[in-house]
Every structure is written in structure tokens, then in C-alpha cells.
Number of protein chains: 2
Amino acid sequence: MRIAVVAPSCPLKREAAEAVQAIVAKRGDCELAIHPQCFFSDGHFAGPDDARLAALREVMADPSVDAVWFARGGYGSNRIAEAALADLPDAARSKLYMGYSDAGFLLAGMHKAGLDVAWGPMPQDVMREGGDAAVERALNWIVKRDASALEGGFRGPAMAFNLTVLSNLLGTPLEPDLTGVDLLIEEVSEHLYSTDRSMFHLTASPSIRKAARLRLGRVGDIQANDVDFGTDEVAIFEDWCRRSGIPYGGRADIGHDARNKVVPFQRKMD
Amino acid sequence: MRIAVVAPSCPLKREAAEAVQAIVAKRGDCELAIHPQCFFSDGHFAGPDDARLAALREVMADPSVDAVWFARGGYGSNRIAEAALADLPDAARSKLYMGYSDAGFLLAGMHKAGLDVAWGPMPQDVMREGGDAAVERALNWIVKRDASALEGGFRGPAMAFNLTVLSNLLGTPLEPDLTGVDLLIEEVSEHLYSTDRSMFHLTASPSIRKAARLRLGRVGDIQANDVDFGTDEVAIFEDWCRRSGIPYGGRADIGHDARNKVVPFQRKMD
């Protein structure tokens, strides 16, 4: 099992790469090919758009690569997602793609293009408290399809997204068909008024209203409001589900933390 | 000329209300009816949704009111905008509605419903450095349709929005027809990566691509990135205009500041 790591958003830390390689060496059940592009830097990004795109296209087209693991989130994968999906080589269709957060732009577009994608922990997560377990969980899914890595609550096909990422891909060519899926949503580092506004945007969208249920992952690192917002993230989700008529499916075990579980994307097959 | 002030988003400061009333008294060409709801408080909002909606519906339906002036932005008008526009009374159609920032949710929906709306300074702006001039400019438009209050650069019909507000109303029932309009966009208190992401979302939207041009207002109070983003707001706008094929029309004299000009909404009449 050969896993390629590329960074379509922000650069991977050297110490994160070393820590993940140490975990992989100890496991002995896979090989991790960390692309040099992961350490490129260009302002906010892991190298310019062209370099990030070239590295991603390279590993997608490489028949010796069994899985593509996105190094970390941040911001920037949306800038190259459409180009990454143009004229897909056959080799791109026989591998798994995994990541979360900003990588959701790619997961969405790749799933829409028929590729096999999953929400799940990324190499950079090794830097979190308890991050070794997150990396082991991700590898257990990538290498062994170990069901204990999965978020366990879904009833049928599911997808998972960061709220801000999903809000920003609605109406774009990356938007996947959400018909009949359990939609798991988490958020991080936003004000609650922004979360409320994003939920307005999301639940007013006809394509989101086709989802079977919305489930709420963790909303972490909430930014302080100048006055207390007045409600919490659960009330916000329940409110917008009630207003829009989308069933609220309760909590989901995903988020920007070491406990983040794996959610393989699958659309409803009728 | 009787102008009603209501607060569909966040509460108006008492000292702002007093300062604006003093300006109005000195002018002697209009009467300002500041609705008590402006001073309500419920968590983040100027009272619960029901109270904000009732005050707005009340002044919209009041035939003695010539203009409705939104007290301030913040967040929350989207929560009541659809209900505000249901079963419009005739009296609602013979008045001007003015505000900006979060009030853009209402401006969009009201314009779509055929009401007369304009982007422009609000009562709370009197608290800004140089804010008296902003309030005088707004009143010069509301009372006298004084052309010196206008943003001067548009070639044809125009609309103006805060970037985050516009991004969050795309695909919702509030989205107006942008065909052939000069679209003026400003932003405040966001990171540049967020501005870049919002511009991706915006310019990937088929309805935004119908606009004649995008013009860039001021991007104020930019939040610090942990590494420098690498470009500025002008480069971001030019980049997304180039990628999407929407003409970039240069800078616009609007923003979250005392210099903010008035932009009456108008769709292209073919």
C-alpha cells in the first residue's frame, strides 16, 4: 500500500512529516511518499497554484500510488480543484483520496467526478494533542478499511464538510449531489453569528434541502462575540433545520481535533 | 419627509440616536421617527426575530413614512428578510429603503420584490470619525436625492454589497437578478484568505457572471494572517475576475467608513 501525500492548501510542517513517517515505519503495513511540494511556501500557500496543481496531478496519475492523503487544510485547494479534475487519467480512478477541512473543496469535486473520497484526519493532525491516534485512525482506514475508524452514526450514505467550506462551494462546479445523504457538518474558528449566517445560506439552498439529514459535528475554537450571541451551536442547527424542513439528525463525531473520525463519501443509490 | 428608523440586525446606540436627531433638527428638512425597537436587545440582536420583524413590517405598512432607514448592520436581517417581504402592503411600495452591510440581505430581497432601495450610510455611522458627514450624505439622498451623495463611477445600473453578505445570499430566495449591473463590493474585518475564498464562491456563480462588471470598494480592518497572505485585495479581485471572465471595473468609493457613498439599486432595463 503506497500512500502519496500532497498539500493542495497550506504547507506541511517538517516535524509533522517526520512524526507521521515514524508512525508508518512502526506499523510496517504501508509506505508514505511525502511529495516535496508539501514543504513549498508561497505566501499563505504550499507553493503557487501551478506547483500545488502539478504535484496533485502527478500523484493522481501515478499507477503505483494506492491512496492520496492531503497533508493539511488551511486554505487554497479550491483554487486548483477544477483544474485537478480536468481530463482525469484512468489511474486517478483506482485510488482513495482522504482529508478534511479546506480539502473538502477537492473531496466534493472528486466525489462528483466519481472518485473514491473520504473525510478523515490528515498528517498535520499529528501535531495535535493525541494526534498520533488520529493518524493511526486515518491509516487504519486507508490501509485496512478498518470500520472502527468510521463515524458510526449514519443510517445511509453520508458526506462530511466544514461549514464554511460547504457554504463556499454551493453553486460552484464543485457542488456534489447531496440527494438522500446524511450530511455531517463541523466548524472551527468562527463567530457564532457567522455560523448562524452560514446555516442560513446552507439551508436556503435547494440542493442542501435534498439531503436526508443534517448532523452537527464539533464547533471548535468559537471566536468571542462582543456581546454573548445568545444561543449555542446546537440551537443554531436545530433552528435552521426546523425553518428549512431538513431533518436534524443529532451530533456527529467529527471536528478539527484528534477525535475526528472517517466518513467515506457515498451518494444514495436508488 | 418622514423617515422611520428600525434595526433589523443589531441595536442602535442611544448616543448615536441622539447625535443623528441633533443633525436632523439642525437641517429642518425632515423628521426622524426612531422606532423603540432600535434599542431592544436579545443576545446579538436588536430584540428577538419577532420584534425586529414586527417593527420593520409596521414602518413598511405605514403610509405616513416616506423612507425606512436601517439603524445599523452587524448581523441578523437575513433571519427576517423573507417574512418581511411576504404579502407586501401597497404602502411599502412608495418609500425608499436605505442601509448597507448586513442590511444588504434586505436590500437584495426588497429590490427583487420591486421596492426602491439604496446602499448608503446608516444612523450608527455617526459614531465613526467624520461620521456626521456620512449621516448628512445619507439624508441628502433620502430627502433631496442630491446627486453629490452618489458613488460616481458607474456606467449603468448598479448594486452594492458587502462581500460576505453577498456570498451568503447567493442561491437563497433573496438573490436579485444581477444581469447587466455594475456590482460594487466591499469587505470588512475578514482575513484575506477568507476574501479570496468568498471571491471564488462569488465568481463561480452563474448569476454573478451575468453582472456587467465587478468593482472593488474598500477592504477595511483586514485581520492578520499568521503568514503574510502574499497578495492584496486588488490582486485578489483582478485574479478572480480574470479567471471567471467578469470584467473588473476598478475601485469603488464605498466601504465601512465615513466616506461610504450612496448606491441606488437598479437592474438593467432592456
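All values below were derived from every heavy atom in this structure, side-chain atoms included, with hydrogens, water molecules and symmetry-related copies excluded. Labels below follow one simple rule: chain letters A, B, ... track the order of the sequence lines, proteins then strands, and each chain is numbered from 1.
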So which of [options] has the biggest tally of heavy-atom pairs under 4.5 Å with chain A?
{"options": "B:S205, B:S167, B:G76", "value": "B:S167"}
{"options": "B:L169, B:D196, B:N225, B:D42", "value": "B:D196"}
{"options": "B:L170, B:T231, B:D102", "value": "B:L170"}

Which atoms form the tightest heavy-atom contact between [X] and [Y], and what is the distance?
{"X": "A:G171", "Y": "B:P206", "result": "O-CD, 3.8 Å"}
{"X": "A:R79", "Y": "B:R243", "result": "O-NH1, 3.1 Å"}
{"X": "A:N168", "Y": "B:F200", "result": "O-CE2, 3.5 Å"}
{"X": "A:V227", "Y": "B:G43", "result": "CG2-O, 3.6 Å"}

Q: Inspect the surroundings of NZ in A:K13 and state if more than 12 heavy atoms from other residues, nucleotides or ligands are less than 6.0 Å away.
A: no

Q.
Could you check whether atom CD of A:E129 has more than 12 heavy atoms from other residues, nucleotides or ligands sitting under 6.0 Å from it?
A. no

**Q.** Region of A:Y75 in contact with chain B, defined by heavy-atom distances below 4.5 Å
**A.** side chain

Q | Contact origin within A:T164 toward chain B - heavy atom pairs under 4.5 Å | A | side chain

(Q) For B:H191 together with A:H44, are the ring centres under 6.0 Å from each other? (A) no

Q: Would you check if the distance from the ring center of B:F229 to the ring center of A:F45 is below 6.0 Å?
A: yes

Q) Nearest 0.5 Å, what's the NE2-CG distance between B:H201 and A:L174? A) 10.5 Å

